[in-house]
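Here's the structure we're looking at; comments come further down.
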Amino acid sequence: MAIRIFIADDHPIVRQGLRRIVEADAGLVISGEAGDAPSLRTGLEHTATDVVLLDVSMPGGLFLETLRELRAKHPTVRVLVLSVHPEDQWAVRALRAGASGYLTKD
């Protein structure tokens, strides 16, 4: 069974690039995409997802609140945070708020 990935990033080009990476691996499938926090919340209510790739700088909600809400409403979904911000600024806060991992986009 393939791992279902939901991509949440406000930049369409980043989402497209992540989609290409996911689609190149037969063990991964895209379960959905969102460009803002409200669309992410709605999308997760309507689609089975195993992992969310979550950008730190998404419009429509504060990052840590969005992350905590995702973990509370979808406890089996893993959240991998993607960010342009250096690890020392966000990684510890993201992991404490329930993220499974933190990657910088560079």
Side-chain angles (χ1 to χ4, degrees):
M1 183 172 189
I3 298 171
R4 300 163 295 193
I5 310 278
F6 196 106
I7 300 170
D9 194 292
D10 61 326
H11 293 94
I13 291 174
V14 172
R15 287 197 312 270
Q16 182 181 35
L18 291 170
R19 175 180 276 281
R20 287 185 179 172
I21 292 168
V22 170
E23 289 174 341
D25 188 320
L28 305 174
V29 296
I30 299 292
S31 62
E33 291 184 21
D36 56 44
S39 297
L40 170 60
R41 288 185 203 99
T42 300
L44 289 177
E45 294 296 327
H46 300 289
T47 185
T49 297
D50 299 307
V51 176
V52 172
L53 300 178
L54 178 64
D55 181 29
V56 167
S57 302
M58 290 257 296
L62 297 174
F63 166 69
L64 292 175
E65 289 177 12
T66 300
L67 176 55
R68 287 185 187 111
E69 180 182 338
L70 291 180
R71 297 300 301 137
K73 287 187 174 184
H74 308 280
T76 62
V77 174
R78 300 291 176 220
V79 179
L80 181 58
V81 176
L82 300 173
S83 177
V84 296
H85 304 288
E87 290 177 20
D88 61 342
Q89 291 182 7
W90 283 101
V92 172
R93 288 184 270 182
L95 294 171
R96 285 186 180 149
S100 297
Y102 185 95
L103 296 171
T104 57
K105 289 181 180 176
D106 61 347

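Counting begins at 1 with the first residue of the sequence.
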### Task
Locate the shortest heavy-atom distance separating D55 from S83; write the atom from each residue and the value.
OD1-CA, 4.3 Å
### Message
Using a 6.0 Å cut-off, check whether atom CD1 of I3 has over 12 heavy atoms from anything other than its own residue.
### Response
no
### Query
Do you know which two heavy atoms are closest between V81 and A99, and how far apart they sit?
CG2-CB, 3.6 Å
### Query
Any idea which heavy atoms bring S31 and R4 closest together, and the distance?
CB-CB, 4.0 Å
### Query
Knowing that exactly one of I21, V51, D50, V22 qualifies, which makes a side-chain contact (heavy atoms from CB on, under 4.5 Å) with L28?
V22
### Query
Does R41 use its side chain to pair, donor to acceptor, with the backbone of E69 at less than 3.5 Å?
no
### Query
Just wondering, are more than 12 heavy atoms of other shown residues or ligands nearer than 6.0 Å to NE2 in H11?
no
### Query
If Ile, Leu, Val, Met, Phe, Trp and Tyr residues are connected whenever their side-chain heavy atoms lie under 4.5 Å apart, and connections chain through other members, are F63 and L82 in the same group?
no
### Task
Decide yes or no on side-chain contact (heavy atoms from CB on, under 4.5 Å) for R93 and L64, but give the supporting numbers first.
CA-CA 8 Å; R93 288 184 270 182; L64 292 175; 4.2 Å; yes
### Message
Tell me the closest heavy-atom pair linking A94 and Y102, and the distance in Å.
### Response
CB-CD1, 4.0 Å
### Summary
side-chain contact (heavy atoms from CB on, under 4.5 Å) with T49: of L44, T76, L70, only one passes, and it is L44
#### Entry: Over all atoms of both residues, closest heavy-atom pair of P59 and P38
O-CD, 4.0 Å
#### Entry: Charged N-O contact under 4.0 Å between K105 and D9
yes
### Query
Roughly how far apart are I7 CD1 and L54 CG, rounded to 0.5 Å?
12.0 Å
### Query
Can you tell me how far the CD atom of E23 sits from the CD atom of Q16, to the nearest 0.5 Å?
9.5 Å
### Message
With rounding to the nearest 0.5 angstrom, report the CZ to CG distance, R68 to L62.
### Response
10.0 Å
## Note on the structure
Closest non-hydrogen contact found for A34 with L40 is CB-N, 3.4 Å
### Message
If I take atom CG from residue L18 and atom CD1 from residue I30, how far apart are they, to the nearest 0.5 angstrom?
### Response
8.0 Å
### ILVMFWY network linking L80 to I5, side-chain heavy atoms under 4.5 angstrom
yes
### Summary
CG of L53 to CZ of F6, rounded to nearest 0.5 Å, is 10.5 Å
